[in-house]
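All of these numbers come straight from a predicted model, not from anything done at the bench. Indexing begins at 1, ligand by ligand and atom by atom, following the structure's order.
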Amino acid sequence: MKKHRVVVAGKVHELVIGRIQDSCDIAYFDSPRSVPKDVLREALRDAEGLFSTGAIRVDDDLLRDSPKLRVVSQSSVGYDNVDVDALTRRGIPFGNTPGVLVEATADLTFGLVLCAARRIHEGFQLVTSGDWYRGTELSFGVDLFGKTMGIVGLGSIGKAVARRAQAAGMQVLYHNRHVRDDEEELKVSYRPFSELLSESDFVVVLVPLSDESRGMFGDEEFSRMKKTAYFINAARGLIVDTMALYRALRDGKIAYAALDVTDPEPIPPDHPLFETQNILITPHIGSATHETRASMARLAVDNLLAGLEKKPLTTCVNESVNYRGTP
Ligand code: DGY
């Protein structure tokens, strides 16, 4: 049987690489960030499929010489690196991996809330530096119980974070473009953006990166928050003006920030943010558990193989060009 030609951009999970190899000849770029765009473009010239982990920009410029391409599959839920319209114009379905990473990402997000509130990381640093007893004063935190969490972007992950917050005795507010019709069931309350900022003790950002959300948090937004507020970003770094966040922390406009995503990413260790003492940053590990990354990889490979066979992708972002028929 003739094998499909596929470009793989990013490290493929070991559990699924065999499934791709069974039916595909692979041009494998496991560190695609360091590969020049014209090299990728050349590799895509004969390719029927592109499998990406999200480290490359997929746009008109990359796709201009890829006449045979019939599917792009990415193992992430976010796809701000992909120009979906450019794919739709070419009739190429694009698959991402929603759903399977909800609980893991919610765990990490709520983990940041908890670590920030209770200064867990600072406590550990005091222990390892021999300052155990100073730790009892220096790692004083704040209660979650009775506090208000404001979630900006209450989708699947936001709902899973809300459940964790409610279990900890917090009240949950949210801001979305539209008021949800299941507020009562979820026990959450809508607030206009500026009201959510001023009422919340913990502001949690989970909105996808788009033209609308880019730079959504700047000096003005941080000034609206309580001086005691904790700011958590587990969505995308570009939603926040990083220097405005730095100024807010430095000038005591907010109390603390815990970030899983940054701009730039990776954030250099000499970045001004680290001059402030009230910051915790993890290296974009929201979905990084063994189980979840395996599920994402399986779903992404399902989408890739389906598209190569011109069968419907299970989770297709541009449904209008998804293949029809039974998967
Ligand atoms: C996602 O799936 O979007 C995660 O943030 C990894 O990029």
Side-chain angles (χ1 to χ4, degrees), residues 8-13 15-16 29-34 50-59 62 71-84 87 93-113 151-161 164 176 204-214 216-217 231-240 242 257-267 280-304 313-318:
V8 171
K11 271 206 177 60
V12 181
H13 199 287
L15 284 178
V16 297
F29 300 94
D30 62 357
S31 304
R33 281 196 177 87
S34 54
L50 168 61
F51 184 93
S52 163
T53 54
I56 59 167
R57 174 124 198 96
V58 179
D59 56 10
L62 180 76
V71 60
V72 175
S73 174
Q74 182 162 295
S75 54
S76 71
V77 66
Y79 48 86
D80 42 279
N81 62 311
V82 176
D83 180 346
V84 179
L87 288 168
F94 168 63
N96 68 336
T97 58
V100 292
L101 45 62
V102 165
E103 299 301 332
T105 309
D107 281 343
L108 192 276
T109 308
F110 195 68
L112 289 176
V113 170
I151 299 179
V152 181
L154 191 80
S156 316
I157 298 172
K159 283 196 291 179
V161 172
R164 286 156 175 76
N176 279 6
V204 177
V205 184
L206 287 166
V207 74
L209 177 63
S210 64
D211 289 344
E212 213 179 312
S213 65
R214 191 180 303 268
M216 191 175 187
F217 286 86
F231 178 75
I232 287 87
N233 185 7
R236 285 292 183 266
L238 284 163
I239 295 167
V240 178
T242 307
L259 315 171
D260 185 45
V261 289
T262 56
D263 171 38
E265 203 167 283
I267 192 150
L280 174 64
I281 301 183
T282 50
H284 200 149
I285 52 171
S287 62
T289 67
H290 293 295
E291 300 88 338
T292 293
R293 283 289 165 88
S295 302
M296 291 165 71
R298 276 192 217 101
L299 179 53
V301 173
D302 288 349
N303 282 334
L304 174 76
L313 278 60
T314 312
T315 45
C316 183
V317 173
N318 48 356

For this session: For atom 1 (C) of ligand 1, find the nearest protein heavy atom and state the residue, atom name and distance (0.1 Å precision).
Result: Val77 N, 3.5 Å

For this session: Provide the number and element of each atom of ligand 1 under 4.0 Å from a heavy atom of Ser76.
Result: 1 (C), 2 (O), 3 (O)

Problem set entry | Matching residue for Asn176 among Ile151, Leu154, Val207 - test: side chain to side chain contact (heavy atoms under 4.5 Å, CB included) | Leu154

Exercise. What closest approach, in Å, do Asn318 and Phe94 show between heavy atoms, and which atom pair accounts for it?
Worked result: OD1-N, 2.8 Å

Problem set entry | CA sep, side-chain torsions, deciding dist, call: Asp107, Arg164, salt bridge (Lys or Arg N to Asp or Glu O under 4.0 Å) | CA-CA 8 Å; Asp107 281 343; Arg164 286 156 175 76; 2.8 Å; yes

Problem set entry | Nearest-neighbour protein heavy atom for atom 4 (C) of ligand 1, which is reported as residue plus atom name and distance | His284 NE2, 3.7 Å

Problem set entry | Atoms of ligand 1, numbered as shown, that sit under 4.0 Å from any heavy atom of Gly78 | 1 (C), 2 (O), 3 (O)

For this session: Using a 4.0 Å heavy-atom cut-off, say whether Leu101 meets ligand 1 through its side chain, its backbone, both or neither.
Result: side chain

For this session: Applying side chain to side chain donor-acceptor pair (under 3.5 Å) between Gln74 and each of Asn303, Thr97, Asn81, Thr53, report the one that passes.
Result: Asn81

For this session: Give a yes or no on whether a salt bridge exists between Asp83 and Arg57, defined as a side-chain N under 4.0 angstrom from a carboxylate O.
Result: no

